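Heads up, the thing below is written out as structure tokens.
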Amino acid sequence: MPRYRIRFLLFLIGLCLAGGTGLAKDINAVRSLPMQEVDAIVRQPGYALVVIMAAWCHPCIEELPHINALDQKYRSKGLRTVGISLDDGGPQAMQPTIDKLNIRFPVYWSGAAAIDHYKITRIPLLLFIRDGQIVRRLKGARDKATLEKEILSFLGTS
């Protein structure tokens with residue numbers, strides 16, 4: 001076998017072992033799910049932070065990078081962050097924002113059903129859910145330091 005083919009094969013094997021080419025962005029697709037399925041995900045045992053948002057909501061978008069960073073920081077402490085988009089345009093309305101901000105936690109869309117199900121009156125809204133029960137509703141945008149204090153209190157580590 002010619003040397004260039006051996007080198008090319010070794011290169012491909014190296015890419016596979018490294019987990020990919022690094023050229024394609026690791027996409028976090030906003031998925032459309034029925035409200036019952038989203039609720040089943042949210043209400044699993046443990047600590048869930050549910051982020052209610054919309055692409056047209058400027059305060060929602062401003063706090064998303066903070067929530068994303070805190071999700072990464074406290075995931076090992078048992079925090080599960082889940083986003084719910086309320087956009088009229090379906091999942092594709094929020095997708096560009098999720099991509100641009102490199103949001104790592106899952107984001108779902110269930111249409112207007114989420115508004116009624118979670119009794120949403122304003123956004124941004126954070127739902128703190130412990131073992132399937134909503135224990136706190138935090139309305140309005142917060143800065144990163146305030147969000148971190150709220151999460152630490154929720155996890156019982158403050």
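Everything numeric in this text was worked out from a predicted model, so none of it was measured.
Here the CZ-OG distance, from R31 to S110, works out to 10.5 Å after rounding to the nearest 0.5 Å. We find the CG-OG1 distance between N102 and T97 to be 13.0 Å, quoted to the nearest 0.5 Å. Interatomic distance, NZ of K139 versus OG1 of T121, reported as 3.5 Å (0.5 Å rounding). Taking CD1 of I52 as the start and CD1 of I115 as the end, the distance is 9.5 Å to the nearest 0.5 Å. Rounding to the nearest 0.5 Å gives a distance of 9.5 Å between CD of Q72 and CD1 of I103. We find the CD-CG distance between E150 and L155 to be 11.5 Å, quoted to the nearest 0.5 Å.
Across all non-hydrogen atoms, the minimal contact from V135 to F154 is CG2-CE1, 3.7 Å. Heavy-atom minimum distance, R122 versus L125: O-CB, 3.6 Å. Shortest non-hydrogen contact noted between N28 and I98 is O-CG2, 3.5 Å. Across I61 and A55, no two heavy atoms sit closer than the pair CG1-O, 3.9 Å. Shown here for L86 and W109, the closest heavy-atom pair between the two residues is C-NE1, 4.3 Å. Nearest approach of G89 to Q92, heavy atoms of both residues: O-NE2, 2.8 Å.
Side-chain polar atoms of D143 and H66 form no donor-acceptor pair below 3.5 angstrom. Side-chain contact, Y74 with E148: a donor N or O sits under 3.5 Å from an acceptor N or O.
Between the side chain of R142 and the backbone N or O of G140 there is at least one donor-acceptor pair closer than 3.5 Å. Put simply, the side chain of D87 never gets that close to the backbone of A93: no donor and acceptor are under 3.5 Å apart.
When the options T81, V82, L49 are evaluated for a side chain to side chain contact (heavy atoms under 4.5 Å, CB included) with D71, the one that passes is T81.
Within a 6.0 Å radius of CZ in R136, more than 12 heavy atoms belonging to other residues, nucleotides or ligands are found.
Looking at R104 and R75, their side chains come closer than 4.5 Å, going by heavy atoms from C-beta outward. Residues M35 and Y118 meet the side-chain proximity criterion, which asks for heavy atoms closer than 4.5 Å. At least one side-chain heavy atom of L79 sits less than 4.5 Å from a side-chain heavy atom of I151. Put simply, the side chain of I129 does not reach to within 4.5 Å of the side chain of Q44, judged on heavy atoms. Contact check for P124 versus C57: side-chain heavy atoms found under the 4.5 Å cut-off. Side-chain contact between V51 and L64: present, with at least one pair of heavy atoms (C-beta onward) separated by less than 4.5 Å. Residues F105 and I67 are in side-chain contact: their nearest non-hydrogen atoms beyond the backbone lie under 4.5 Å apart. Looking only at side-chain heavy atoms (C-beta outward), V38 and I84 come within less than 4.5 Å of each other.
Under the 4.5 Å side-chain contact rule for hydrophobic residues, I123 and L126 do not share a cluster. Follow the hydrophobic side-chain contacts under 4.5 Å out from V107 and you never reach I41; the two are in separate clusters. In the hydrophobic clustering of this structure, V30 does not group with Y108; members are Ile, Leu, Val, Met, Phe, Trp, Tyr whose side-chain heavy atoms approach within less than 4.5 Å, directly or through other members. Clustering ILVMFWY residues whenever any of their side-chain heavy atoms sit less than 4.5 angstrom apart, transitively, puts L33 in the very cluster that holds V42.
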- Can you check side chain to side chain contact (heavy atoms under 4.5 Å, CB included) on F128 and R137, steps first, answer last? CA-CA 6 Å; F128 293 84; R137 301 170 74 85; over 6 Å; no
- After noting the C-alpha distance and the side-chain angles of E63 and K144, does the key distance pass the salt bridge (charged side-chain N to carboxylate O under 4.0 Å, His left out) rule? CA-CA 8 Å; E63 78 175 4; K144 187 176 180 181; over 6 Å; no
- Task: Determine, stepwise, if the pair V50 / R80 fulfils side chain to side chain contact (heavy atoms under 4.5 Å, CB included).
- Result: CA-CA 8 Å; V50 180; R80 276 184 309 109; over 6 Å; no
